[in-house]
There are 2 protein chains.
Amino acid sequence: MTRPPLNRLDESLLTPLPPFSRLERSEIRAILDQAVSRRVEEGATVFHEGAPADRFFLLLDGTIRVIRVTATGEHVTALHIPAGQLFGIAPALGKDHYPATAQAASEALMLSWPARLWPRFAALDGFTTETYATVGKRLGEINDRIVEMATLAVEQRVANALARLVNQTGRKVEGGIEIGFPLTRQDLSEMTGTTLHTVSRLLSAWEKDGIVSSRRKHVTVTDPHRLVVLGQRRG
Amino acid sequence: MTRPPLNRLDESLLTPLPPFSRLERSEIRAILDQAVSRRVEEGATVFHEGAPADRFFLLLDGTIRVIRVTATGEHVTALHIPAGQLFGIAPALGKDHYPATAQAASEALMLSWPARLWPRFAALDGFTTETYATVGKRLGEINDRIVEMATLAVEQRVANALARLVNQTGRKVEGGIEIGFPLTRQDLSEMTGTTLHTVSRLLSAWEKDGIVSSRRKHVTVTDPHRLVVLGQRRG
DNA sequence: CAGCATCTTTGCGCTGGCTCAAATCTCGGG
DNA sequence: CCCGAGATTTGAGCCAGCGCAAAGATGCTG
């Protein structure tokens, strides 16, 4: 990412790692010759959320923290990468931008390669040909939910869950958009990590405000815009 | 899954769907001839968490709810699948068992194919050859965290986060296992969706109980077993 | 080795959301 | 058309954990 390969990277860097251990010396050589090594200090950022995902990384030493920052500035740590693992493999998921920020939790040493070399890597693990735009998208959505659970209050989580269902399965009906399948308070609570009681109270309040209208097992959103606002605002 | 292909599945089932719309009629025919169709009623289970993942599915109509059940019997809805989407694609992730349970949120109609046909599907989306054991594993871990955030109290989440870090980066030191990188209370709070104050109080209490010992930016787990117990128990 | 930035601990009051409990409503089935 | 199971609403009390505030501890820097 910063400078060209050092004099020459030592093959012993990769030899002990699982994916590479079975390879011929010459193959390892070829891979290393394409790699760029980089050392970063504790706290330094390796790549930023939203930046073009032009490289993927292999962590040789140290620990990487993968974080996301919410609209209100809170940090949520999505996962930690221990030495020996790949990270920043957004290219593999059909994404052209990194979905999160990676920073060094300790001083770290890593190799990286341009995204276009990914397919060559993929074969190493002995896996099959697969399509993963779907998977990448789903992974992103799940990640969003972690952030949501970590930073939002119950009311906002329920509002967002409802908004998501409207987008996925909503049908236009008179007076709003109806969720396209039977949905109980209990169901909504299981989607948002709360209780059916709380969901019931929320829906009642929203109904009073003209945002939703519901009958047994059915929810219609009458004011989608205000629902979305509920999901984002603080307070 | 239940019965052999009907008389003959109609090509118009697939024609309107994005991945298939570009295919020749003969190709669609070939795909359909391998498919099994199935109709399930509201509330019925399509496959159970932990069952051998021998098939993958395409939802033609209705909505599927993907849920996980915790050790204490609570249900957490991981995601909803709208009509037109694939689901149960565990085979694609290198998994041989379904990681969650799929049940019909409404009466649903679906097609399914044996797992071994997955590669043929994969090519449709126009994606590249990729390896995804890594991705599949990571997706599973993230999913676990959603369940955790939804069902566990703060103390349990922090205990689990610590246990995870010990497994990933722990080094044996005298008197226990030390997390292998600098870790502040703030860091732990960002991993678990709580505040540094609460984390501090928890660590103090645990230190008093001889479960952990910590100095500035470093945490050593002195009694891993009890830590794990803390992460699972209720109360 | 003194100063300072950062990290950690601790107290206190408040409240969102859970638990427990019970009444009421809705709809499909007989 | 009546009954019962499941769904929904609503009340009351309680407490885990947050927000706010401030003091202490630790380790790096010059």
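The analysis underlying the following values was restricted to heavy atoms, covering all of them including side chains, and did not include hydrogens, waters or symmetry mates. Residue numbering restarts at 1 for every chain, and letters A, B, ... go by the order of the sequence lines. Just so it is clear, the model here is predicted, and its values are computed rather than measured.
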| C:dT8 P sits how many Å from B:Lys217 NZ, rounded? | 8 Å

| A:His218 NE2 to D:dA7 C1': how many Å, rounded? | 12 Å

| C:dC7 C1' sits how many Å from B:Arg201 CZ, rounded? | 15 Å

| query | Does the pair A:Lys217 and A:Asp187 meet the rule for a salt bridge (Lys or Arg N to Asp or Glu O under 4.0 Å), with working shown? | reply | CA-CA 9 Å; A:Lys217 282 191 166 194; A:Asp187 291 337; over 6 Å; no

| Listed nucleotide nearest any side-chain atom of A:His197, set D:dT10, D:dC18, C:dT8 | D:dT10

| query | Relative to each other, are the rings of A:Phe56 and A:Trp113 parallel, tilted or perpendicular (30° and 60° limits)? | reply | parallel

| Within this structure, what is the CG-to-P distance between A:Leu152 and C:dG16, rounded to whole angstrom? | 16 Å

| message | What is the distance, to the nearest angstrom, from the CD atom on A:Glu74 to the P atom on D:dC18? | response | 12 Å

| query | In whole angstroms, how far is the C1' atom of D:dG19 from the CG atom of B:Leu196? | reply | 12 Å

| request: Check every atom of C:dG17, D:dT9, D:dG27 against the side chain of B:Arg216 and return the nucleotide holding the closest atom. | output: D:dG27

| message | Taking A:Glu49's backbone N and O only, do any of them form a donor-acceptor pair with A:Arg68's side chain (distance below 3.5 Å, no angle check)? | response | no

| query | Roughly, in whole Å, what's the span from CD in B:Glu207 to P in C:dT9? | reply | 8 Å

| task | Determine the interplanar angle of the B:Tyr98 and B:Phe57 rings, folded into 0 to 90°, and report it as parallel if under 30°, tilted if 30 to 60°, perpendicular if over 60°. | result | tilted

| request: State whether A:Arg185 places a side-chain N or O below 4.0 Å from either non-bridging phosphate oxygen (OP1 or OP2) of D:dT9. | output: yes

| said: Testing the 3.5 Å rule here: is there a donor-acceptor pair between the side chains of B:Thr194 and B:Thr192? | reply: no

| note | The answer to which of A:Arg215 and A:Val154 contacts DNA chain C further toward the 5' end, by nearest nucleotide, is A:Val154

| message | Whether A:Thr194 contacts C:dC18 is assessed here as follows: a side-chain N or O lying under 4.0 Å from the phosphate OP1 or OP2. Is that the case? | response | yes

| Below 4.0 angstrom from OP1 or OP2 of C:dG16, is there any side-chain N or O of A:Thr198? | no

| note | Per atom distances to the A:Ser200 side chain, the nearest of D:dT10, C:dC18, C:dG11 is D:dT10

| task | Rounded off to whole Å, could you give me the CG-to-P distance for the B:Leu203 and D:dG17 pair? | result | 14 Å

